[in-house]
Amino acid sequence: MRRTVFNEDHEAFRETLRAFIEAEVVPVHDEWFAAGQVPREFYYKLAELGLFGISVPEEFGGAGIESHKFEAVQYEETARAGVTFGGSGVHVLLALPYIKALGTDEQKKRYLEKFVSAEEMWALAMTEPGTGSDLAGMKTTAKLSEDGTHYVLNGSKTFITGGVHADRVIVCARTSAPTAEDRRFGISLFAVDTKSEGYSIGRKLDKLGLRTSDTAELAFVDVKVPVEDLLGEENKGFYYLGSNLPSERWGIAYGAYAQAKAAVRFAKEYVQDRTVFGKPVASFQNTKFELAACQAEVDAAEAVADRALEALDRGELTAAEAASAKLFNTEVAHRVIDKCLQLHGGYGFMNEYPIARLYADNRVNRIYGGTSEVMKMIIAKDMGL
């Protein structure tokens, strides 16, 4: 069935991106994998390619394209090549929407030109050591100074993707106590300069997958944050975070579909080349049946991913629809990638093969952005259950 989600501009971008990946990423990706992060300089190359400015308004140095389809192409092409771009996804998919939606004209002018050029890389810090999905339970605080010129930030965050390389981090912190009626009240968002005194990066976390993406612990000890770096209104941060969740979950759903599609490609190429008992592995009925079943699941995931993408671009993707797409596609990717690894036999367990790295990278999809269990709760509530 012919896809209709992409046009000629998207396909031209795909060709450019594929060539860039082959020339600039594939030859050095093993080095990044071993180092546990991409070089900071690599983000300047992504900026030169225009990846950071696609949806940034033209007056701030971007292309002003209000669509996620170019991001979708990036998901497909990185998965196809078995590579990742480090923490750059957080920079665009997670941080940028808050700047665009909440930033004042002065803030956008101050932040976005550096954002587009990669002079300032951004990250988002929500999770704390004692709070995962329960964001309302966060302990990090930001207290307004007596003279009203700045906030004093204290606390810690963990699992912060892009936290090592970040120049600014959107930090969620309590500015007021929760009320008896609403424990989510009192959280605010701040664009914190990582060079601020009292701001420190703790451990660079050693993860199962996504090894080229730097993930860190952060600590704040009496960090002074100018009032000019408050994003949006005080105490409304929780609701701002909720407004971006459909977009975030779409990204995870689309990335999972792209990974599943890539896994089938890797397995198909492997079984056609590999011989067992004097015959190509692809010639056995079990191989054909397993890959056919995987392809059918990928076709279904593609339809879900594309439907969610179109709804997101129209501004119509609901929280329940995003949760459904994330739940379905991440579970499909889990099953498909596992089967494709199995078809590689022992070689599938070796990190030199992209299927092994894909297997590890994929596992977090059912955890971050809300676990599969949380997605089921959202869907059930939407069903009136």
Side-chain angles (χ1 to χ4, degrees), residues 5 68 71-72 75 89-90 93-94 97-98 101 124 126-138 158-159 161 172 178-187 189 208-209 236-261 293-294 296-339 361-385:
V5 70
H68 291 268
E71 292 170 19
Y75 281 123
V90 170
L93 187 62
L94 298 190
Y98 294 109
L124 178 64
M126 294 188 288
T127 305
E128 296 183 1
T131 60
S133 297
D134 181 22
L135 292 178
M138 70 175 59
T158 192
F159 305 148
T161 303
C172 312
T179 65
E181 297 78 20
D182 188 0
R183 62 190 295 267
R184 297 172 294 185
F185 173 82
I187 295 171
L189 307 184
L208 170 68
K236 293 187 177 181
F238 190 94
Y239 310 102
Y240 297 145
L241 294 171
S243 68
N244 196 46
L245 280 175
S247 174
E248 179 182 349
R249 287 168 179 162
W250 163 80
I252 298 170
Y254 208 97
Y257 144 69
Q259 289 175 326
K261 182 178 180 180
C294 287
E297 290 218 77
V298 169
D299 288 343
E302 180 178 87
V304 169
D306 286 354
R307 185 182 70 174
L309 172 55
E310 295 284 20
L312 181 63
D313 271 8
R314 293 193 304 268
E316 299 174 358
L317 185 65
T318 68
E321 289 168 346
S324 178
K326 180 182 185 296
L327 176 65
F328 182 80
N329 279 11
T330 57
E331 295 292 340
V332 164
H334 164 65
R335 293 192 297 270
V336 167
I337 294 170
D338 185 73
K339 290 180 180 179
D361 289 351
N362 169 75
R363 186 58 185 88
V364 75
N365 289 336
R366 291 182 288 152
I367 299 173
Y368 68 2
T371 64
S372 291
E373 291 73 24
V374 170
M375 298 303 100
K376 292 174 184 177
M377 290 171 59
I378 294 170
I379 297 165
K381 183 179 180 181
D382 186 67
M383 294 169 66
L385 297 175

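Hydrogens, waters and symmetry mates play no part in the numbers below; they use all other heavy atoms, side chains included. Just so you know, these numbers come straight off a predicted model, no measurement behind them.
Using modelled atom types, no side-chain atom of Asn365 and backbone atom of Ile252 make a donor-acceptor pair closer than 3.5 Å. At distances below 3.5 Å, not a single donor-acceptor pair connects side-chain atoms of Glu71 with backbone N or O atoms of His68.
Inter-residue side-chain proximity for Leu241 and Leu189 is flagged as met; some heavy-atom pair is nearer than 4.5 Å. Looking only at side-chain heavy atoms (C-beta outward), Tyr257 and Val304 stay at 4.5 Å or farther from each other. Taking 4.5 Å as the limit, some side-chain heavy atom of Leu124 sits within range of a side-chain heavy atom of Tyr98. Two residues are said to be in side-chain contact when any heavy atoms from C-beta on lie closer than 4.5 Å; Lys326 and Ile378 fail this criterion.
Aromatic ring orientation, Trp250 versus Tyr75: perpendicular (interplanar angle above 60°, classes split at 30° and 60°).
The environment of CZ in Arg335 is crowded: more than 12 heavy-atom neighbours from other residues, nucleotides or ligands sit within 6.0 Å. More than 12 heavy atoms of other shown residues, nucleotides or ligands fall within 6.0 angstrom of atom NZ in Lys339.
Here the CG atom belonging to Leu385 is positioned 12.5 Å from the CE atom belonging to Met377, to the nearest 0.5 angstrom. For the atom pair CZ (Arg366) and CD (Glu373), the distance works out to 9.0 Å, reported to the nearest 0.5 Å.
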Practice item. Take Met126 and Phe159 through the test side chain to side chain contact (heavy atoms under 4.5 Å, CB included) and record every step on the way to the result. Key: CA-CA 9 Å; Met126 294 188 288; Phe159 305 148; over 6 Å; no
Review point. Would Ile187 and Tyr240 count as a side chain to side chain contact (heavy atoms under 4.5 Å, CB included) if you check the C-alpha gap in whole Å, the side-chain angles of each, and the deciding distance to 0.1 Å?
Key: CA-CA 10 Å; Ile187 295 171; Tyr240 297 145; over 6 Å; no
